[in-house]
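Notes follow once the structure below has been shown.
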Amino acid sequence: MVQLKVKWGGKLYDVDVDVNQPVDVFKAQLQSLTGVPVDRQKISGLKGGMLKDDADLSSMGLKDGQKCMMMGTAEAPPEAPKEKPKFIEDMTSEEKAKEYLPSGLQNLGNTCYLNSALQTMRIVPELWQDLKETNIAGDTPEQQTTAALKVLNAQMNGTPETVAPNFFVQLFRQNYPQFAQQGEGGAFSQQDAEEAWTQILSAVAQTLTKDDTNTVEQLFAGELTVDMKCAEKDDEPAETRVERFRSLKCHINNQSSTLEMGLTESMSEKLTKNSPSLGREAVYLKESKLQKLPEYLAVHLVRFYYKADVKKKAKVVRPISFPMTLDLYTLCSEANKKALEKGRSILAGRRDEEVEKRRKAKQGAGASSSTEMEVDEEDEEKKAKRKEEDEYLSTSGNKSAWYELCGIITHKGRDADGGHYVAWVKHKGEWLLFDDAKVEIVREEKVKEVYGGAADNHLAYLLLYRSRKPASEGGAAAGPPEAVRRGVSGAARAQAPLLPRQSPSQRMGTRGALPCHPP
């Protein structure tokens, strides 16, 4: 990494340049600093005269503090607002979308699959924070892809306007040729959004490590305990192993109707493999249980399968409902269930406190009750206990088996080789629809329309859930709903499902604008 001093417009910019990256990356950094588009930049003062796009920065002998000059005209600055600014709570959905929503991504020719994967991934703030704070160097496909992802995120954070991800798409296709297939006429073919999601995470996982911790593994990796038993020979020893995963498969059959049902069935399978005791192929029963839960849980609804008679992928359109709050407790191993009891009990207690406060407020509790609550809040012992609980719940991984839905990738169309992908992301209590360059606010009821039923409608294909956290981390206290809690206590209460959080827009007590990018 070399720090150059770039002069432009009468100002001197300090730019950290990774000499192992292409010139396009350097120019993208300058665009984010100056607003001068890459194609308008002319850089002089370095070895070889005017800097060419195919130049090798590592062979130019660049040194810290070296000066160079850039020529080029920046994009015209936005005009001063002609109308009086409005506060966010005074705006319509259309006005919010125009002024304050995150950037859309331009479709560069059948790249909706990639746009939807990227927009869904941007709802994971820990990933982008680590990426921002880590120097990515090297020339492997994984390192190049991760570095390009970092540059693209910086571009999207710097503007509310639509971003054209030219460099990232070009590099992604170059490094992973399976995404560069072309059809008749040379047009790039449609690809699978879930495969793109998996490939991007795989690249980042091999590159991004902070404080000796792999960021992707810390956020997305879980573990399954797998028992394999021969169904044709009882005395054959069962095989037990641990498998790591970054997403769970939800297979869909004629009986499936809910996400929970599909996940349960997917964890109990029959398969055929060679039996050492029988000396031939035999049927085995494969039973899986969740041993370790990730912070973020990706669920792949397996809607495409290969149809041999037509030699192409067909689509399963059967409706599969999915909850806004998902409880995976029943799919956990016995050891994991025991480990989850503490977290579930804490969150159940938090919900009890929240409901009690609301009950007293609704009934108009007297001054004595208010005084008692104030004294209770000042109890140092309770504060210390609550701080300890918060620290426990905030450590990596899921401590309760409760998740809340934060992102969806949907597909519209009859087969995997065509159609259209979009992303649905929950941001600051609002559901946003990312349809390439178009970004809009949608009602939660609209999100529930993607369960399935018709190929010509958008169907959920990949779901992203994040761990429930206590109210101190932003949001209403988590815990079981009051109707479930009545008459239930102890461990049984800790196993009850959660209510969805109250929308932040309903709780907002101060005026302010939405940021122009996901948190």
Side-chain angles (χ1 to χ4, degrees), residues 87-93 96 323-327 329 340-390 392-394 399-406 426-431 441-448 465-512 514 519:
F87 292 110
I88 187 171
E89 57 265 43
D90 299 325
M91 292 184 175
T92 64
S93 295
K96 290 180 185 178
M324 292 294 160
T325 301
L326 177 66
D327 187 357
Y329 184 83
L340 292 168
E341 287 179 3
K342 179 178 179 179
R344 292 172 74 86
S345 178
I346 290 172
L347 294 180
R350 297 288 177 87
R351 174 61 71 184
D352 280 345
E353 294 175 6
E354 183 70 18
V355 171
E356 179 64 15
K357 287 181 180 179
R358 291 178 183 175
R359 185 188 66 80
K360 288 186 175 181
K362 187 176 181 180
Q363 293 179 351
S368 59
S369 297
S370 299
T371 303
E372 290 173 3
M373 289 181 66
E374 291 172 4
V375 172
D376 185 56
E377 289 174 356
E378 294 173 356
D379 189 303
E380 293 300 324
E381 185 176 344
K382 284 196 72 173
K383 286 182 179 179
K385 180 182 178 183
R386 194 175 187 87
K387 181 179 179 182
E388 180 184 340
E389 292 174 347
D390 285 349
Y392 174 77
L393 294 171
S394 299
K399 298 296 189 294
S400 67
W402 284 315
Y403 288 90
E404 62 180 356
L405 186 65
C406 62
K426 193 172 186 181
H427 170 55
K428 299 294 184 182
E430 304 274 12
W431 277 100
I441 299 173
V442 295
R443 294 176 293 104
E444 188 171 292
E445 290 73 17
K446 185 76 173 177
V447 177
K448 296 177 181 178
Y465 284 89
R466 61 183 162 207
S467 298
R468 295 301 301 263
K469 295 295 182 181
S472 58
E473 294 190 19
E482 186 175 12
V484 175
R485 190 187 318 101
R486 291 184 184 128
V488 183
S489 60
R493 187 183 66 186
Q495 299 176 19
L498 293 179
L499 279 175
R501 290 182 182 177
Q502 183 186 13
S503 167
S505 61
Q506 295 173 335
R507 297 193 308 271
M508 189 178 296
T510 59
R511 292 174 175 251
L514 286 170

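Quick note: residue numbers are just sequence positions, from 1.
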Query raised in the report: Think R443 forms a cation-pi with W431, using NZ or CZ under 6.0 Å from the six-ring centre and within 45 degrees of its axis?
Result: no
Query raised in the report: If you draw a 6.0 Å radius around CD in E388, do more than 12 non-hydrogen atoms from other residues or ligands fall strictly inside?
Result: no
Report summary line: d(T325 OG1, Y403 OH) to nearest 0.5 Å is 13.0 Å
Query raised in the report: How long is the gap from NZ on K385 to CD on E389, to the nearest 0.5 Å?
Result: 5.5 Å
Query - Residues R350 and D390 bridged, charged N to O under 4.0 Å - result: yes
Query raised in the report: What distance separates D352 CG from K357 NZ, expressed to the nearest 0.5 Å?
Result: 12.0 Å
Query raised in the report: Does any non-hydrogen side-chain atom of E404 lie less than 4.5 Å from one of R466?
Result: yes
Query raised in the report: Measuring from C406:SG to K426:NZ, what's the distance to the nearest 0.5 Å?
Result: 9.5 Å
Query - CA sep, side-chain torsions, deciding dist, call: D327, R344, salt bridge (Lys or Arg N to Asp or Glu O under 4.0 Å) - result: CA-CA 11 Å; D327 187 357; R344 292 172 74 86; 3.1 Å; yes
Requested in this report: Evaluate the side-chain proximity of L347 to W402: yes if any heavy-atom separation is below 4.5 Å, no if none is.
Outcome: yes
Query raised in the report: R359 and E356: salt bridge (Lys or Arg N to Asp or Glu O under 4.0 Å), yes or no, with the steps?
Result: CA-CA 5 Å; R359 185 188 66 80; E356 179 64 15; 2.6 Å; yes
Requested in this report: Begin with the C-alpha distance, continue with both residues' side-chain angles, and end with the deciding distance and a verdict on salt bridge (Lys or Arg N to Asp or Glu O under 4.0 Å) for R358 and E354.
Outcome: CA-CA 6 Å; R358 291 178 183 175; E354 183 70 18; 3.2 Å; yes
**Report entry** Considering all heavy atoms, the nearest P323-Y465 contact
**Finding:** O-OH, 2.7 Å
Query raised in the report: Where do L340 and S400 come nearest, in terms of heavy atoms and distance?
Result: CD2-N, 3.5 Å
Report task. Report the C-alpha distance between E353 and R386 in whole Å, list the side-chain angles of each, state the deciding distance to 0.1 Å, and finish with yes or no for salt bridge (Lys or Arg N to Asp or Glu O under 4.0 Å). Result -> CA-CA 12 Å; E353 294 175 6; R386 194 175 187 87; 2.9 Å; yes
Query raised in the report: Is there a side-chain contact between K342 and K399, using heavy atoms and a 4.5 Å cut-off?
Result: no
Query raised in the report: Below 4.5 Å, heavy atoms only, C-beta onward: do L405 and L326 meet side chain to side chain?
Result: no
